[in-house]
Amino acid sequence: MLDGLILMLGVALGSALRFNDPLPERLSDYLPALLAAGFALPCMIYGAGLYSNRIHIRHRYRLVVLALCYGGALILMLSLGSLILDARLGRGVLLISMPLTYLMLVLHHGLLIRRSLACVTGW
């Protein structure tokens with residue numbers, strides 16, 4: 001579930017940077033799309049097997065799968081914006097929040113790898 005919170009935090013940061021306001025009022029409009037994508041992203045990551053303790057997954061493969069899962073969550077957010085017109089994310093918010101969120105997801109999953117290695121090897 002932390003991945004979903006990271007997604008929501010990334011969009012909130014992007015929105016705050018875009019509108020120069022720490023808590024923009026448009027953020028409440030994004031809430032339905034954010035909740036759906038925040039729930040779907042951990043489900044996709046779990047389905048892709050990135051939460052498992054398998055050590056033999058290559059780092060590059062992990063980054064590509066994480067990017068694909070994040071892309072799926074973005075597609076869900078954008079498609080919900082087509083259904084609920086107030087929930088549409090703008091280009092500026094997306095351009096600012098996409099790299100921030102992906103970087104936070106990569107850092108989080110990098111820490112997950114180190115933690116699972118420590119549990120398995122006893123470091």
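By convention here, the first residue in the shown sequence is residue 1.
- Within the 3.5 Å criterion, the main-chain N or O of I75 finds a donor-acceptor partner in the side chain of S79.
- The closest side-chain heavy-atom distance from V93 to F19 is below 4.5 Å.
- Cluster partners of L107 are L103, counting Ile, Leu, Val, Met, Phe, Trp and Tyr whose side-chain heavy atoms approach within less than 4.5 Å, directly or via other members.
- To the nearest 0.5 angstrom, H109 atom NE2 is 6.0 Å from L50 atom CG.
- In terms of the side-chain contact (heavy atoms from CB on, under 4.5 Å) criterion, residue partners of L9 (sequence neighbours excluded) are, by chain and number, L13, M104.
- A pairwise comparison of heavy atoms in S97 and G14 identifies CB-CA, 3.9 Å as the closest pair.
- Grouping the Ile, Leu, Val, Met, Phe, Trp and Tyr side chains by contacts below 4.5 angstrom, directly or via other members, places L85 apart from L78.
- Looking at L74 and L89, their side chains never come closer than 4.5 Å, going by heavy atoms from C-beta outward.
- One hydrophobic cluster, built from ILVMFWY side chains closer than 4.5 Å, cannot hold both L76 and L31; they sit in different ones.
- Residue pairs that meet the salt bridge (charged side-chain N to carboxylate O under 4.0 Å, His left out) test with at least one member in residues 28-50, sequence neighbours left out, are R26-D29.
- Evaluation of the side-chain contact (heavy atoms from CB on, under 4.5 Å) rule for L17 yields I96, L100 as partners, not counting sequence neighbours.
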Tabulate below the donor-acceptor pairs under 3.5 Å that side-chain atoms of residues 32-45 make, not counting sequence neighbours, or state none.
none

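- Applying the salt bridge (charged side-chain N to carboxylate O under 4.0 Å, His left out) definition to pairs two or more places apart or across chains, none involves residues 36-52.
- Scored by the side-chain hydrogen bond (donor to acceptor under 3.5 Å, both in side chains) test, Y46 finds no partners at all (sequence neighbours excluded).
- In terms of modelled atom types and a separation under 3.5 Å, the side chain of T101 and the main chain of M98 share no donor-acceptor contact.
- Y51 and L2 end up in the same hydrophobic cluster when Ile, Leu, Val, Met, Phe, Trp and Tyr side chains are linked at under 4.5 Å.
- Residue L68 is found in a hydrophobic cluster whose other members, listed by chain and number, are V64; membership requires side-chain heavy atoms under 4.5 Å apart, directly or through intermediates.
- Within the model, atoms OH of Y70 and CG of D3 stand 12.0 Å from one another, a figure rounded to the nearest 0.5 Å.
- Partners of V106 under the side-chain contact (heavy atoms from CB on, under 4.5 Å) rule, at least two apart in sequence or in another chain, are L63, L66, Y102.
- Pairing each heavy atom of V65 with each of A48, the nearest pair is CG1-CB, 3.4 Å.
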